[in-house]
Amino acid sequence: MEDPSVFEDDFASVARWIERYLGDPGRYPVLSRARPGDLVRSLPPHAPEEGEPFERILADFERLVIPGITHWNHPRFFAYFATSAAPVAILAETLAATLDVKAMLWRTSPAATELESVVMRWLGELIGIPAAWTGIIYDTASIAGFTALAAARESLGLQIRERGMTGRDLPRLRVYITEHTHSHIEKGAIALGIGQENVVRIPCDDRFAMSPAALDLQIAQDLAAGMRPLAIVATVGTTSTTSVDPVAAIAAVAKRHGVWLHVDAAYAGVAAIVPEFRWLMDGVDAADSLVVNPHKWLFVPMDLSALYVKDEALLRRAFALVPEYLTTTDGDVRNYMDYGLQLGRRFRALKLWFVLRSFGAEGLRERLREHVALAQLFASWVEAAPGWELLAPHPFSVVCFRYRPRGGDDEATLDAKNARLLDAVNATGDMFVSHTKIQGRYAIRLAIGNVRTRREDVAAAWAILEREAALV
Ligand code: PLP
C-alpha cells in the first residue's frame, strides 16, 4: 500500500457508508426500479487508462450502482428465501478479504482449514448431524449438491473417474427426486452425464412430500429393467412450499436398494437447531450426505453452504488430483482442494465462526422462532380473510397463498389476477414478494428470514396486499 493514511480514510468512508446503509435499508425501494440496460448505459465502454481517486469511485457506487440494487437487507424483502447479512459477518468478510487466503492446502493457511473443521462440527452438532460425519464448506447448495452426486457416482464402482462414460457399455444411471426438488439436482445430473431423462420424479402426497412407497416401486422397476439407481434426493424444506420429505422412510428404501441418499436441507436445515424442529433430522443418520445453507437463514452473507458427508474418503476419491506443484510434506492434514472442483477457496469459515459466537445458539434459536411465529401470524390473517386462501401447509417461515375474491373466477383468471397483484405490490417499492405455482395454481409466496423484519413489517405487507387486491 502506498500510503496507509489514505487507506485509513477510505476505509473510514466505507465504514460510514455501511453504517448509514444498515441503519435504515428500509429507506430504499426494496425491488430495484432499474430498467434493463440502465447501468450499462451510464458507464463508459472502456476501463480507465489512469487510476481514479477513491472518493470518485465510491460516489459512483452510490450514484450508479445503488439504484440498481434490490435490497435483500430491507425488512420487507419477503421474496424467494429472505436472508440477511449480520453486521458481525460483514466484519468477518472484511477481515477475510484482507487476509485474501486461498484455503486449498492446509499449509496455505492452517487456521482457515482448521477453523472450517471446527465450525462445521459446531454447526453439525447444533443441527443434529451425526458426529462421525465430515462437514465441508462450498459456495452454494447447488455446487454442494453437484459434489454429493459426483461422490454418489464414484461410490458405484463403475470406474467412471478413470474410463469416463462414453464409448463403453454402462447401465442407465437414475436419480430420484420429486417435482418439488430444487432444479440444481437436475442441472448436476446434466453436468455429470446422467441425462435429464434419468432424473425421475417420484409422486408426492397431498402435503407435497415424496411418497416412499412410490419411490420403492420405481426403484424396483428400474432395477428389473437393468438400470442403476445412483441417488435419491430428499428435501427438508422444498423451495416452493417448504414441504418436508419423510427422510427416515426414504432412508429405509435407500438402504433396501443400496442407493445413496442426499438430503437437501438448504433452507430449513438450520431450523433443526431449535428443539421444536429437531425432528427434521430424523433419519438423517441413515443418509449419505446433507446440505444446509447458513447463507439462507442463519444470517451469514452470501456465500456459505455446508455439505456433510458420511464418508469423506468418497469425496476425495471423486475429486482428489494433486499435481506436483501442490504436493506437500504436511502429513495427516485435510487439504480442502481434494473435496471438490475448486482449487483456491475463500476463507468462508471465518464469518460463520463470528456469527455463531456473536449470536450464540440461543440468539439464533430466538430469531428463527420469531420468524416462524411471524409467518404463522401472517398465515392466520390470510386464512381468516374472506377472498384469500392458503395454498400449502406452512411449517416454517414461508406462506403460499392467493387472492380469490368471491364471484367464481376460473383458474386462468385467478392466475392472471394474482400475477397482476404481485406486480402491483412489488411496484410500490414498499415490499417484495415472489411467486410459484402449486398444483398448477399461481401462488404468491411470502418468506420471512431477515433479522430486521418485525411484526409491523409483516402487518404493512398484509395491508399493501389487501389494498392492491381491491384494485386488480
Ligand atoms: N436447495 C433448495 C431447497 C433451495 O431452495 C435452493 C435455493 O433456494 C437451493 C438448493 C440452491 O441454493 P444455492 O443458491 O445455495 O445454490
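Ligands are counted one by one from 1 in listed order, and the atoms in each one are counted from 1 as well.
Near Ala266, with a cut-off below 4.0 Å to any heavy atom, the atoms of ligand 1 are 1 (N), 2 (C), 10 (C). Atoms of ligand 1 found under 4.0 Å from any heavy atom of Asn293 (numbered from 1 in listed order, with element): 12 (O), 13 (P), 15 (O). Listed by atom number, the atoms of ligand 1 under 4.0 Å from Thr239 heavy atoms are 2 (C), 3 (C), 4 (C), 5 (O). In summary, the atoms of ligand 1 found under 4.0 Å from a heavy atom of His295, numbered by their order in the structure, are 15 (O).
At least one N or O atom of Ala141, backbone or side chain, sits closer than 3.5 Å to an N or O atom of ligand 1.
A salt bridge does not link Arg367 with Glu370: none of the charged nitrogens is closer than 4.0 Å to a carboxylate oxygen. Using a cutoff of 4.0 Å between basic side-chain nitrogens and carboxylate oxygens, Asp338 and Arg316 are not scored as salt-bridged. Under 4.0 Å is where a charged nitrogen must lie from a carboxylate oxygen, and between Glu186 and Arg201 at least one such pair does. Under 4.0 Å is where a charged nitrogen must lie from a carboxylate oxygen, and between Arg345 and Glu116 at least one such pair does.
Under 4.0 angstrom from ligand 1, the non-hydrogen atoms of Asp264 all belong to its side chain. Contacts with ligand 1 closer than 4.0 Å are made by side-chain heavy atoms of Phe81 only, the backbone lying farther away.
A heavy-atom distance below 4.5 Å is found between the side chains of Leu374 and Arg455. By the 4.5 Å heavy-atom criterion applied to side chains, Leu364 and Val355 are counted as neighbours. Using a 4.5 Å cut-off on side-chain heavy atoms (C-beta onward), Tyr339 and Leu307 make no contact.
For the ligand labelled ligand 1, residue Tyr267 lies outside the 4.0 Å heavy-atom shell. Within the structure, ligand 1 lacks Thr238 among the residues with a heavy atom less than 4.0 angstrom away. By the 4.0 Å heavy-atom criterion, Gly237 is counted among the residues contacting ligand 1.
For atom 6 (C) of ligand 1, the nearest protein heavy atom (residue, atom name, distance) is His182 CD2, 3.3 Å. Distance from atom 16 (O) of ligand 1 to its nearest protein heavy atom, with residue and atom name: Ser142 OG, 2.6 Å.
Across Lys187, Lys296, His184, heavy-atom proximity to atom 10 (C) of ligand 1 is greatest for His184.
A tilted orientation is assigned to the rings of Tyr80 and Phe77, their planes being inclined by 30° to 60°.
Glu197 CD: 12 or fewer foreign heavy atoms inside a 6.0 Å radius.
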